[in-house]
Number of protein chains: 2
Amino acid sequence: MNKLKTNSAEKSILDAAKTIFLQKGMDGARMQGIADEAGINKSMLHYYFRSKELLFNAVFMEAFSTLAPQLNEILNSDRSICDKIKGFSHNYITFVIAHPYLPNFILQEINRNKAFVQDLISKKHFPSIKKFKLQVEEKVADGTLRPIKAEHLFINIMALNIFPFVAAPLLKGILGSSDAQYKNLVEQRKTEVAAFIINSIKL
Amino acid sequence: MNKLKTNSAEKSILDAAKTIFLQKGMDGARMQGIADEAGINKSMLHYYFRSKELLFNAVFMEAFSTLAPQLNEILNSDRSICDKIKGFSHNYITFVIAHPYLPNFILQEINRNKAFVQDLISKKHFPSIKKFKLQVEEKVADGTLRPIKAEHLFINIMALNIFPFVAAPLLKGILGSSDAQYKNLVEQRKTEVAAFIINSIKL
DNA sequence: ACATTTGTCAACCATATGGTTAAACCTTTT
DNA sequence: AAAAGGTTTAACCATATGGTTGACAAATGT
């Protein structure tokens with residue numbers, strides 16, 4: 001059978017599954033909904049991916065794979081800490097504006113199935129804080145940075161960049177922002193977040 | 001019929017529903033699971049709350065009501081900005097350590113049903129940033145604070161306090177922390193977060 | 001004491017849902 | 001062109017699920 005046809009069917013299923021799973025999560029998604037989204041028969045889903053769980057795993061892995069590498073900019077590149085923070089904030093926010101469902105999906109599913117994280121950690125290339133920690137400790141020791149634990153700094157960087165997306169509906173409500181106004185606010189954060197962090201840690 | 005008996009049945013249903021819904025969300029929760037948790041017949045759920053959706057609404061409102069008032073410490077109290085940040089961070093983190101499923105539940109459900117936020121906003125006492133915004137603008141104008149938009153400052157305060165809870169499993173993985181180590185880290189943040197923010201904004 | 005209301009439960013119902021099957025339908029191979 | 005093998009579909013299936021019903025028990029009012 002035609003490799004192209006097979007690949008394209010598999011691909012269109014995965015695309016549809018991504019659309020549905022990212023919006024509704026594992027529990028809220030329906031196999032029929034994914035089939036409809038892909039414009040194919042429900043049996044095809046099982047033909048190519050066996051079960052809802054395996055299809056979901058494929059989607060989750062793909063989603064996680066697009067976010068995880070960005071962490072290497074912070075954790076494993078050789079740039080200065082300030083450059084890392086500026087670069088990551090700008091790139092991450094730009095990326096997530098284009099994929100707004102991603103962060104929420106990852107958080108939701110990682111909280112739903114904690115054994116899942118164990119699985120991810122065991123994989124190669126799972127981000128680790130080791131190198132970043134050495135870098136921070138060095139800069140704190142030589143007086144370039146205020147004393148701060150690398151763990152806290154890392155959590156803060158993640159929090160300031162990711163939270164505005166996962167809490168968007170609530171924040172819009174509290175701030176009384178329209179979609180356009182909030183989008184504008186998020187746009188500002190491409191530079192605002194890094195400035196905020198660097199203000200806090202630079203001596 | 002005995003008011004006490006009625007109240008206690010209703011209460012035990014709500015408690016059970018809270019336990020299940022907070023852990024599994026609307027989509028993942030099962031009415032039978034809630035009945036089992038409450039140790040009663042499934043029909044009772046419908047007798048007291050009509051439908052899954054109404055029971056869920058009751059749980060959600062109760063959950064939201066416990067978190068929303070804490071925002072008033074930031075948004076509407078008369079203390080100084082620094083005191084607010086210190087007070088909120090300490091209180092919020094203390095509170096959520098005792099109710100670890102709450103933040104994730106709120107975020108997940110608010111993202112699932114965005115019309116829900118509209119409903120919340122229309123209610124009285126929904127937190128608004130108005131007063132806080134005036135206070136920040138005043139302090140920026142008189143040179144006490146570095147220039148920063150109140151919106152960004154507010155988002156940052158929320159992000160730094162809430163994110164470590166909603167992303168806990170992932171952060172544990174990246175940081176390589178045990179449950180105990182991570183709990184310790186979160187404990188430190190009761191003061192660390194406020195210090196980080198104040199470092200950044202104080203002149 | 002007895003009727004009325006309120007609370008509780010087991011059995012039941014209609015539908016939704018993940019998954020299977022067997023036949024039809026291409027493509028490629030020979 | 002016929003066999004072979006992968007692909008696609010409609011029809012099914014078993015079970016799970018939210019919700020209903022009718023009988024019965026427990027309070028309450030009179």
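Note that these values count all heavy atoms, side chains included, but never hydrogens, waters or copies made by symmetry. Protein chains get the first letters and strands the later ones, always in sequence-line order, with residue 1 at the start of each.
Listed nucleotides C/dA10, C/dG19, D/dT20 differ in distance to A/K52; the shortest reach to its side chain belongs to C/dG19. Comparing atom distances between the B/S43 side chain and each of C/dA11, D/dA11, C/dG19 picks out C/dA11 as nearest. Here the side chain of B/N41 is nearest to one of C/dA10, C/dG19, D/dG19, namely C/dA10.
The one candidate from A/N199, A/I197, A/I198 that meets the side-chain contact (heavy atoms from CB on, under 4.5 Å) condition with B/S200 is A/N199.
Here D/dG6 presents its C1' atom at 19 Å from NE2 of A/H46, a figure rounded to the nearest Å. As rounded to whole Å, 14 Å separates atom C1' of C/dA16 from atom CG of A/D36. Computed from coordinates, the A/I20 CD1 to C/dT17 C1' distance equals 15 Å when rounded to whole Å. Remark: C1' of C/dG7 and CG of B/L45 are 14 Å apart, rounded to the nearest angstrom. One can place OH of B/Y48 at 18 Å from P of D/dG19, the figure rounded to the nearest angstrom. If you take OH of B/Y47 and C1' of D/dA25, they are 12 Å apart, rounded to a whole angstrom. Across the protein-nucleic acid pair, B/M44 atom CE and C/dT8 atom P stand 3 Å apart, rounded to whole Å. B/L54 has its CG atom 11 Å from the P atom of D/dT20, to the nearest Å.
Within a 6.0 Å radius of NZ in A/K131, more than 12 heavy atoms belonging to other residues, nucleotides or ligands are found.
Of the residues in residues 22-34 of chain A, those placing a heavy atom less than 4.0 Å from an atom of DNA chain C are A/A29, A/R30, A/M31, in numerical order.
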Requested in this report: Please report the C-alpha distance between A/N156 and B/R189 in whole Å, then the side-chain angles of each, then the deciding distance to 0.1 Å, and finally whether the side-chain hydrogen bond (donor to acceptor under 3.5 Å, both in side chains) criterion is met.
Outcome: CA-CA 10 Å; A/N156 293 354; B/R189 291 182 72 85; 2.7 Å; yes
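In this structure, the side chains of B/L55 and B/I13 come closer than 4.5 Å at one or more pairs of heavy atoms.
Note on ring orientation: taking the six-membered ring where Trp is involved, the planes of B/F60 and B/F105 are tilted (angle from 30° to 60°). Note: A/F56 and A/F21 have perpendicular aromatic rings, judged against thresholds of 30 and 60 degrees for the angle between ring planes.
Here A/I34 contributes atom CD1 and A/M44 contributes atom CE; the two are 14.0 Å apart, rounded to the nearest 0.5 Å.
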